[in-house]
Amino acid sequence: MQIPYSQVTPQRDYLELSRRRFIFRSMAAAAGALVLPQLLTGSGVKLNGVVKSSYRVDDKMTPYDVVTGYNNFYEFGTSKDQPAKLAQKLQTSPWTVSIEGEVVKPRTLDLDQVMKLAPLEERVYRHRCVEGWSIVVPWIGFSLSTILKQVEPTSKAKYVAFQSSYDKKTMLGSFQAGIEFPYVEGLRLDEAMHPLALLCVGLYGESLPNQNGAPLRLVVPWKYGFKSIKSVVKIRFMEKQPPTTWNLSAPSEYGFYSNVNPEVDHPRWSQAKERRLGEFLKRPTLKFNGYGDQVATLYNGMDLRRYN
Ligand SMILES: Nc1nc2c(c(=O)[nH]1)N[C@H]1C(S)=C(S)[C@@H](COP(=O)(O)O)O[C@H]1N2
Ligand SMILES: [Mo]
């Protein structure tokens, strides 16, 4: 067993967390080697060689138990506490992701190949959900552009579409969830190539827990949370703007771009403020979730009310 963790973590919360989990795992180990592999399947495997990125906000990080216990993952339930339990059914190994469409060299990579594409970085990002809550998470991964460059997009490629895994035996049906499956998302090519767009394989020093989108997800920190698609199996370069799940389900409420914007209200509620999970008072929402210095130029000349 690889404990204790880790060189990647000075923060006090973080050390307390690893201490508690060390005790838990030692107890689990004592309870018998047969139990342990199950406990470690799909989540909780320490990631080695993670380097700290300079992409980190100073905000206090949201505790691990909140990040992994309050989730949107409609395939495994429409309430926030269900994915932590029900996503344990997600089979994360073997896992492959295929990259196709308007490309010179389509490829299918397994998870080991993905993990070897670039050094893993820890990036502490703000994450804003359209429903008004936000969290701060030490994600692990590398820029999405790294994997996109593997296949040589053609000159026709203008957008990138993403698709989540779907297995009707272990996940909700579309009717129960109220949205169509498989979950799909998309970015314009320049958004997808922006260094802040993260291909994410872990959080808090470890591989992604299933409920957070194991084994591979996007994190697009300047957009509302639903753009950060989980458990990705397919990436497709396209000439036309691809459909996206929440836009298909309620086009008047969720646009393709969905940049965090306190000035543009959701038709049924204001987007001006947010509640950081764990805090009592609401705080003002920042345009582009605070990443405007880095991403605003992507949208020069665009009316962000129209392209919301
Ligand atoms: N496949 C899939 N991806 C998804 C979702 C989902 O229901 N299914 N929910 C989205 C929403 S609305 C949010 S806020 C984030 C939540 O990520 P987290 O649970 O890691 O905080 O995942 C996004 N990605
Ligand atoms: Mo969300």
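In this chain, numbering begins with 1 at the start of the sequence shown. Order of listing sets the numbers, starting from 1, for every ligand and every atom in it.
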Looking at Lys89, I'd like to know if its NZ atom is crowded, meaning that more than 12 non-hydrogen atoms belonging to other residues, nucleotides or ligands lie closer than 6.0 Å.
yes

Just to confirm my output: which protein heavy-atom neighbour is closest to atom 14 (S) of ligand 1, and how far is it?
Cys129 SG, 3.5 Å

Which residue and heavy atom of the protein sit nearest atom 6 (C) of ligand 1, plus the separation
Tyr183 CE1, 3.4 Å

Evaluation steps, ring-ring contact (aromatic ring centres under 6.0 Å, His included), between Trp246 and Tyr224:
CA-CA 11 Å; Trp246 282 99; Tyr224 290 114; over 10 Å; no

Just wondering, are more than 12 heavy atoms of other shown residues or ligands nearer than 6.0 Å to CD in Gln91?
no

With heavy atoms under 4.0 Å as the rule, classify the contact between Phe226 and ligand 1 as side chain, backbone, both or neither.
both

As a test of understanding, state which of Leu198, Val137, Ile140 forms a side chain to side chain contact (heavy atoms under 4.5 Å, CB included) with Val219.
Leu198

Does CD belonging to Glu131 count more than 12 external heavy atoms closer than 6.0 Å?
yes

Under a 4.0 angstrom heavy-atom cut-off, which atoms of ligand 1 come close to Asn71?
18 (P), 19 (O)

Out of all atoms in ligand 1, which are within 4.0 Å of some heavy atom of Asn212? Include the element for each.
18 (P), 19 (O), 20 (O)

Taking the non-hydrogen atoms of Phe181, is any one of them nearer than 4.0 angstrom to ligand 1?
no

Would Lys230 and Phe162 count as a cation-pi pair here, with the cationic atom under 6.0 angstrom from the ring centre and within 45° of the axis?
no

Should the proximity of Phe162 to ligand 1, defined as any heavy atom under 4.0 Å, be assigned to the side chain, the backbone, both, or neither?
neither

Of all the atoms in ligand 1, which lie at a distance below 4.0 Å from a heavy atom belonging to Trp139?
20 (O)

Considering heavy atoms of the protein only, find what lies nearest to atom 21 (O) of ligand 1 and give residue, atom and distance to 0.1 Å.
Ile135 CD1, 3.8 Å

What protein heavy atom lies closest to atom 12 (S) of ligand 1? Include the residue and the distance to one decimal.
Asn72 ND2, 3.4 Å

Numbered atoms and elements of ligand 1 in range of Arg217, under 4.0 angstrom, heavy atoms:
15 (C), 17 (O), 18 (P), 20 (O), 22 (O)

Among all protein heavy atoms in this structure, tell me which lies nearest to atom 7 (O) of ligand 1, with the distance rounded to 0.1 Å.
Tyr74 N, 2.7 Å

Whether Phe288 and Tyr299 hold their rings parallel, tilted or perpendicular, with breakpoints at 30° and 60°:
parallel

Which heavy atom of the protein is the closest neighbour of atom 18 (P) of ligand 1, given with residue, atom name and distance?
Lys230 NZ, 3.5 Å

Examine the proximity of ligand 1 to Lys227 and report which part, side chain or backbone, both or neither, has a heavy atom under 4.0 Å away.
neither

Any salt bridge linking Glu239 with Lys158? Criterion: basic side-chain nitrogen under 4.0 Å from a carboxylate oxygen.
no

Where is the nearest protein heavy atom to atom 8 (N) of ligand 1: which residue, which atom, and how far?
Glu75 OE1, 2.8 Å

Side chain, backbone, both or neither: which applies to Ser228 and ligand 1 if a contact is any heavy-atom pair less than 4.0 Å apart?
backbone

Which of the numbered atoms in ligand 1 are under 4.0 angstrom from any heavy atom belonging to Ser164?
1 (N)

Output, in order, the C-alpha distance, side-chain angles, deciding distance and verdict of side chain to side chain donor-acceptor pair (under 3.5 Å) for Ser134 and Arg128.
CA-CA 4 Å; Ser134 64; Arg128 169 68 154 77; 5.8 Å; no

Return yes when atom CG of Asp58 has more than 12 non-hydrogen atoms of other residues, nucleotides or ligands closer than 6.0 Å, and no otherwise.
no

Can you list the steps and then say if Lys287 with Asn261 is a side chain to side chain donor-acceptor pair (under 3.5 Å)?
CA-CA 5 Å; Lys287 194 161 186 182; Asn261 192 344; 4.7 Å; no

Among all protein heavy atoms in this structure, tell me which lies nearest to atom 15 (C) of ligand 1, with the distance rounded to 0.1 Å.
Gly225 O, 3.6 Å

